[in-house]
Amino acid sequence: MKQAYRTKGHRFLELATWILWLIGLLIAIHGIRTLPDEIATHFALDGTPDGYGSPASLLILPVLMAFCLGLISIVAHAVPPEYWNMPFSVTKGCERAVYGDMLTMVHAIGAEIAGFTVYSQIKSYQQSGTGILTAVGILFAALAVTIVLQCRRASRHNKG
């Protein structure tokens, strides 16, 4: 199967994810140029700073995200779906829909994490830790919903 399961929606999600990554990178670059020589780099649960460093530390998240998003793109484009780890065996004749659902899940997870990264970059640039705990909760909830819904959808498609 020559990626017949890949749709315009998948391409859009992947592109949107990389655009979010670029926004996070631009925030980091802007922060390096405009923030003081020492900034808060870590915040306690109540939002107060408890770690300090250089504005260059703003590059950590975009670098990690580039690595993670690169892996997601490599898997999505280069690893045949027959090798993906599925929660069930794929029924012959249902591959296109099932693989499409799983690819949607992978790209949606990437977009959700990239969105959280941009939010974190904005908060770091603002030198504020308030709201991060809530954002983490929202991220975990979004990831859980995406995984459960896409796996259920793939399972339904797998039944034909």
Side-chain angles (χ1 to χ4, degrees), residues 3 5-81 83-87 98-154:
Q3 293 197 341
Y5 52 89
R6 190 167 182 76
T7 67
K8 287 180 182 179
H10 296 128
R11 287 187 282 280
F12 173 79
L13 265 176
E14 187 174 20
L15 179 62
T17 300
W18 282 104
I19 289 170
L20 286 169
W21 171 81
L22 181 62
I23 291 168
L25 178 65
L26 293 173
I27 291 169
I29 291 168
H30 182 69
I32 290 169
R33 292 180 168 178
T34 61
L35 291 172
D37 290 342
E38 184 175 81
I39 63 168
T41 58
H42 192 268
F43 300 89
L45 291 178
D46 66 357
T48 58
D50 64 359
Y52 298 89
S54 162
S57 64
L58 291 174
L59 288 172
I60 292 171
L61 279 177
V63 168
L64 288 173
M65 279 306 301
F67 177 74
C68 293
L69 295 178
L71 283 176
I72 289 172
S73 289
I74 288 169
V75 168
H77 292 280
V79 177
Y83 297 110
W84 297 352
N85 188 10
M86 305 267 188
V98 171
Y99 296 154
D101 293 336
M102 292 293 101
L103 189 60
T104 299
M105 181 181 74
V106 167
H107 286 310
I109 287 170
E112 290 162 357
I113 293 171
F116 174 77
T117 301
V118 168
Y119 177 77
S120 298
Q121 288 291 92
I122 291 168
K123 297 303 282 182
S124 292
Y125 179 81
Q126 294 173 341
Q127 292 292 279
S128 170
T130 59
I132 290 292
L133 196 55
T134 302
V136 169
I138 291 169
L139 172 65
F140 285 160
L143 292 171
V145 166
T146 296
I147 292 167
V148 168
L149 290 181
Q150 286 305 120
C151 285
R152 287 184 68 199
R153 184 175 181 190

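Within the 4.5 Å cutoff, the side chain of Leu143 has heavy atoms near those of the Ile113 side chain. Within the 4.5 Å cutoff, side-chain heavy atoms of Tyr119 are placed close to those of Ile132. Residues Ile138 and Phe116 are not in side-chain contact: their nearest non-hydrogen atoms beyond the backbone lie 4.5 Å or more apart. Side-chain contact between Met105 and Arg153 is absent, with no heavy-atom pair separated by less than 4.5 Å. Under the 4.5 Å side-chain criterion, counting only non-hydrogen atoms from C-beta, Thr17 is in contact with Leu69. Considering only heavy atoms from C-beta on, Leu58 comes within 4.5 Å of Ile39 through its side chain. Within the 4.5 Å cutoff, the side chain of Leu103 has heavy atoms near those of the Arg6 side chain. The shortest side-chain heavy-atom distance between Tyr99 and Met86 falls under the 4.5 Å cut-off.
Separation of atoms CD (Gln121) and CH2 (Trp21) is listed at 11.5 Å; rounding is to 0.5 Å. Between the CH2 atom of Trp18 and the CD1 atom of Ile23 there is a distance of 14.0 Å, given to the nearest 0.5 Å. In this structure, Phe12 CZ and Ile19 CD1 are separated by 7.5 Å, a value rounded to the nearest 0.5 Å. Expressed to the nearest 0.5 Å, how far CG of Asp50 lies from OG1 of Thr41 amounts to 8.0 Å. With rounding to the nearest 0.5 Å, the separation of CG in Leu35 from OG in Ser57 is 9.5 Å. One distance of note links CE of Met102 with CD1 of Ile147; it measures 9.5 Å at 0.5 Å rounding.
In terms of the salt bridge (Lys or Arg N to Asp or Glu O under 4.0 Å) criterion, Glu112 has no residue partners (sequence neighbours excluded). With sequence neighbours excluded, the residues forming a side chain to side chain donor-acceptor pair (under 3.5 Å) with Thr48 are Asp46, listed by chain and number.
Classification of the Tyr5-Trp84 ring pair by plane angle, with boundaries at 30° and 60°, yields perpendicular.
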Exercise for the section: Any chance you could lay out the side chain to side chain contact (heavy atoms under 4.5 Å, CB included) test for Leu59 and Ile32, step after step, and finish with the verdict? Expected result: CA-CA 9 Å; Leu59 288 172; Ile32 290 169; 3.6 Å; yes
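Counting heavy atoms of neighbouring residues, nucleotides and ligands inside a 6.0 Å radius, atom CZ of Arg152 does not exceed 12 of them.
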